[in-house]
Amino acid sequence: MHGTPTTRIVYPKALPWLAAGLLLFFIALLIGLWFDRYPALEARLFDENGVVETPELVALGISLLVFAYRAARSNDPVSAVCIVIAFLLINAMVRETPRCDSAVYGGGICFPTQMWKNVTVGLALVIAAVSLWPRRQHWRVTLSRQHLYRFWPMWVAFILLVAAEAAEHWGLLGTEETLELFAYLYVIAFGLWTNRHS
């Protein structure tokens with residue numbers, strides 16, 4: 001009997017992805033606590049729009065390219081989710097990029113005004129919507145629990161970013177920025193895994 005061939009979904013294994021997230025969390029915490037003893041150095045490296053912002057933007061840009069590449073590779077449910085992730089990454093890049101007219105801007109890449117930030121996000125939204133429209137026949141599969149489960153490591157990256165916000169609340173500047181950078185590196189790794197296994 002000949003049936004329709006089915007594509008086996010490969011899910012990320014829990015242990016390596018959870019262990020990596022936990023390891024990154026504790027390394028960031030240790031870095032932050034160490035730099036906390038040296039406020040001047042911490043401010044120079046991790047202050048808002050400081051030195052750490054450049055590697056964060058680079059990591060975000062690479063992760064955006066990785067997921068955009070997977071989205072462009074085929075018209076399937078995985079590509080639909082990758083489009084949404086790429087849109088969220090563009091938003092994160094816009095958030096991480098300061099305005100040139102900001103009081104805390106100290107040089108480097110910047111948006112001229114808040115309006116340009118809004119225009120960039122709006123343009124990204126239009127591109128994402130146009131890219132998703134041809135994949136509308138996959139929406140039911142895309143939103144199924146079985147399919148979305150293959151993207152569960154993105155929640156680990158989200159938790160790292162929430163922990164970064166908590167670190168900012170507690171005044172751990174080094175921990176906050178390091179957690180953000182590590183979260184973006186984690187997303188790159190997962191994006192590469194997604195390209196390989198789907």
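FYI, the numbering just counts along the sequence from 1.
Across all their heavy atoms, Pro134 and Asn75 have their closest contact at O-ND2, 3.5 Å. Trp152 and Tyr149 get closest at one heavy-atom pair: CD1-O, 3.0 Å. Between Gly191 and Val66, the shortest heavy-atom distance links the atoms C-CG1, 3.2 Å. Residues Leu173 and Phe46 share a closest heavy-atom pair of CG-O, 3.4 Å. When every heavy atom of Ala86 is checked against every heavy atom of Leu64, the shortest pair comes out as O-CD1, 3.4 Å. Nearest heavy atoms, Ala71 versus Ile83: CB-CG1, 3.6 Å.
In the hydrophobic cluster analysis, where Ile, Leu, Val, Met, Phe, Trp and Tyr join through side-chain heavy atoms closer than 4.5 angstrom, Trp34 is grouped together with Phe182. Leu65 and Ile85 fall into different hydrophobic clusters, defined by Ile, Leu, Val, Met, Phe, Trp and Tyr side-chain heavy atoms under 4.5 Å apart, directly or through other members. In the hydrophobic clustering of ILVMFWY residues, with side-chain heavy atoms under 4.5 Å counting as a link, Leu15 and Leu23 come out apart. Residues Val126 and Val119 do not share a hydrophobic cluster, defined by chaining ILVMFWY side chains whose heavy atoms lie under 4.5 Å apart. At a threshold of 4.5 Å between side-chain heavy atoms, the hydrophobic network of Ile, Leu, Val, Met, Phe, Trp and Tyr places Leu160 and Leu30 in two separate groups.
Here Phe111 contributes atom CZ and Asn118 contributes atom CG; the two are 9.5 Å apart, rounded to the nearest 0.5 Å. Summarising the geometry, atom CD belonging to Gln137 is positioned 10.0 Å from atom CG belonging to Asp76; distances are rounded to the nearest 0.5 Å. To the nearest 0.5 Å, atoms CZ (Phe35) and CG (Leu45) are separated by 5.0 Å. In this structure, Trp155 CH2 and Leu148 CG are separated by 10.5 Å, a value rounded to the nearest 0.5 Å. Here Leu181 contributes atom CG and Leu57 contributes atom CG; the two are 10.5 Å apart, rounded to the nearest 0.5 Å. Taken from CE in Met93 to OG in Ser63, the straight-line distance is 8.0 Å, to the nearest 0.5 Å.
You'll find the side chain of Val81 reaches within 4.5 Å of the side chain of His147, heavy atoms only. Taking the side chain as every heavy atom from C-beta outward, Leu88 and Met154 never approach each other to under 4.5 Å. Two residues are said to be in side-chain contact when any heavy atoms from C-beta on lie closer than 4.5 Å; Leu29 and Thr175 meet this criterion. Under the 4.5 Å side-chain criterion, counting only non-hydrogen atoms from C-beta, Phe158 is in contact with Val162. Using a 4.5 Å heavy-atom cutoff, the side chains of Glu176 and Glu180 are in contact. Between Val130 and Ile127 there is no side-chain heavy-atom pair separated by less than 4.5 Å. Looking at heavy atoms from C-beta onward, Glu177 lies in side-chain contact with Glu53 at the 4.5 angstrom threshold. The shortest side-chain heavy-atom distance between Leu132 and Val84 falls under the 4.5 Å cut-off.
A donor-acceptor pair is defined here as one N or O able to donate and one able to accept, closer than 3.5 Å; such a pair exists between the side chain of Glu42 and the backbone of Gly174. The closest donor-acceptor contact from the side chain of Tyr184 to the backbone of Val58 lies at 3.5 Å or more, if one exists at all. Judged purely by atom type and a 3.5 angstrom limit, Arg73 uses its side chain to pair as donor or acceptor with the backbone of Asn195.
Other residues, nucleotides and ligands contribute more than 12 heavy atoms inside 6.0 Å of the CZ atom of Arg136. In the displayed structure, Tyr38 atom OH is contacted under 6.0 Å by more than 12 heavy atoms of other residues, nucleotides or ligands.
With sequence neighbours excluded, the residues satisfying side-chain contact (heavy atoms from CB on, under 4.5 Å) with Ala92 are Leu60.
Ring geometry for Phe190 against Phe151 counts as perpendicular: the plane angle is over 60°, on a 0 to 90° scale with 30° as the lower cut. Aromatic ring orientation, Tyr186 versus Trp17: perpendicular (interplanar angle above 60°, classes split at 30° and 60°).
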Inset, instruction - For the pair Ser198 and Arg70, evaluate side chain to side chain donor-acceptor pair (under 3.5 Å) and give the outcome as yes or no after the intermediate values. - result: CA-CA 9 Å; Ser198 65; Arg70 176 57 187 89; 3.0 Å; yes

Inset, instruction - Please report the C-alpha distance between Leu123 and Thr120 in whole Å, then the side-chain angles of each, then the deciding distance to 0.1 Å, and finally whether the side chain to side chain contact (heavy atoms under 4.5 Å, CB included) criterion is met. - result: CA-CA 5 Å; Leu123 184 60; Thr120 303; 5.8 Å; no

Inset, instruction - May I have the step-by-step check of side chain to side chain contact (heavy atoms under 4.5 Å, CB included) for Phe25 and Ile159, ending in yes or no? - result: CA-CA 10 Å; Phe25 171 79; Ile159 290 169; over 6 Å; no

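Judged by the 6.0 Å and 45° rule, Arg196 forms no cation-pi pair with Trp193.
Screening Leu192, Ile9, Val78, Val10 for a side-chain contact (heavy atoms from CB on, under 4.5 Å) with His197, the sole residue that qualifies is Val10.
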